[in-house]
Amino acid sequence: MSGSTVDPTVEQMRATVADRLRAVGQRLTANRQVLLDALTASPRPLTIPEILDDRPELAQSSVYRNLVVLEEAGVVHRVVGADEFARWELAEDLTGHHHHLICASCGRVEDVPASAGLERSVAAAAAAITRSTGFRTQHHRLDLVGVCAACN
């Protein structure tokens, strides 16, 4: 057996993605893998034009179609910014929980780690809401909208 240089975490994520795609009657194609590689390599959610700039071998129509399939399979998540572009990132259960900073001026979206203190505060607020309304939170997203340093 030859030694593999592929990170076991990457292999596990590929297997998870392939399983999710199979569950919706799809498979992990080469183009879908290229999309996943682009999203994995990015520190923030990407627009389709940014994906195409980074991966010019992909056709625009293919990117659109494959992102829809990957979203349906629960592999990627669409992040709506403050401009006309949707942005895409891997689903949180594949990458870890985080929040977003959204620039109201340029539309840029940045990932922000979820601090323990913030998560405790959100959990306490969700528990209070459940007590007063009966609404039970399954998960949460926190997007802070403002103006980025470049637009200041």
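Defined by atom type and a distance below 3.5 Å, a donor-acceptor pair is missing between the side-chain atoms of Arg20 and Gln26. Between the side chains of His100 and Glu89, a donor-acceptor pair is found at a separation under 3.5 Å. A donor-acceptor contact closer than 3.5 angstrom links the side chains of Glu119 and His99. With hydrogens and angles left out, the side-chain atoms of Glu92 and His139 include no donor and acceptor closer than 3.5 Å.
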Would you sort out whether Ser105 and Cys148 count as a side-chain contact (heavy atoms from CB on, under 4.5 Å), showing the intermediate values?
CA-CA 8 Å; Ser105 181; Cys148 71; over 6 Å; no
Could you go through Ile51 and Leu39, starting from their C-alpha distance and side-chain angles, then the distance that decides it, and tell me whether this counts as side-chain contact (heavy atoms from CB on, under 4.5 Å)? CA-CA 8 Å; Ile51 292 169; Leu39 295 173; 4.3 Å; yes
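Listed here is the closest heavy atom pair of Cys106 and Asp83: O-OD2, 3.3 Å.
Results of the side chain to side chain contact (heavy atoms under 4.5 Å, CB included) test with Trp88 over Val63, Val79, Leu70, Ile48 single out Ile48 as the only residue that passes. For the salt bridge (Lys or Arg N to Asp or Glu O under 4.0 Å) test with Glu50, the passing option among Arg87, Arg44, Arg55 is Arg44; the others fail.
Atom OG of residue Ser115 and atom NE2 of residue His98 lie 14.0 Å apart, to the nearest 0.5 angstrom. Taking CG from Leu94 and OG1 from Thr40, the interatomic distance works out to 8.5 Å, rounded to the nearest 0.5 Å. Of the inter-residue distances, the one linking Asn66 atom CG with Leu58 atom CG reads 8.0 Å to the nearest 0.5 angstrom.
With a 4.5 Å cut-off on side-chain heavy atoms, Val109 and Leu101 do not count as touching.
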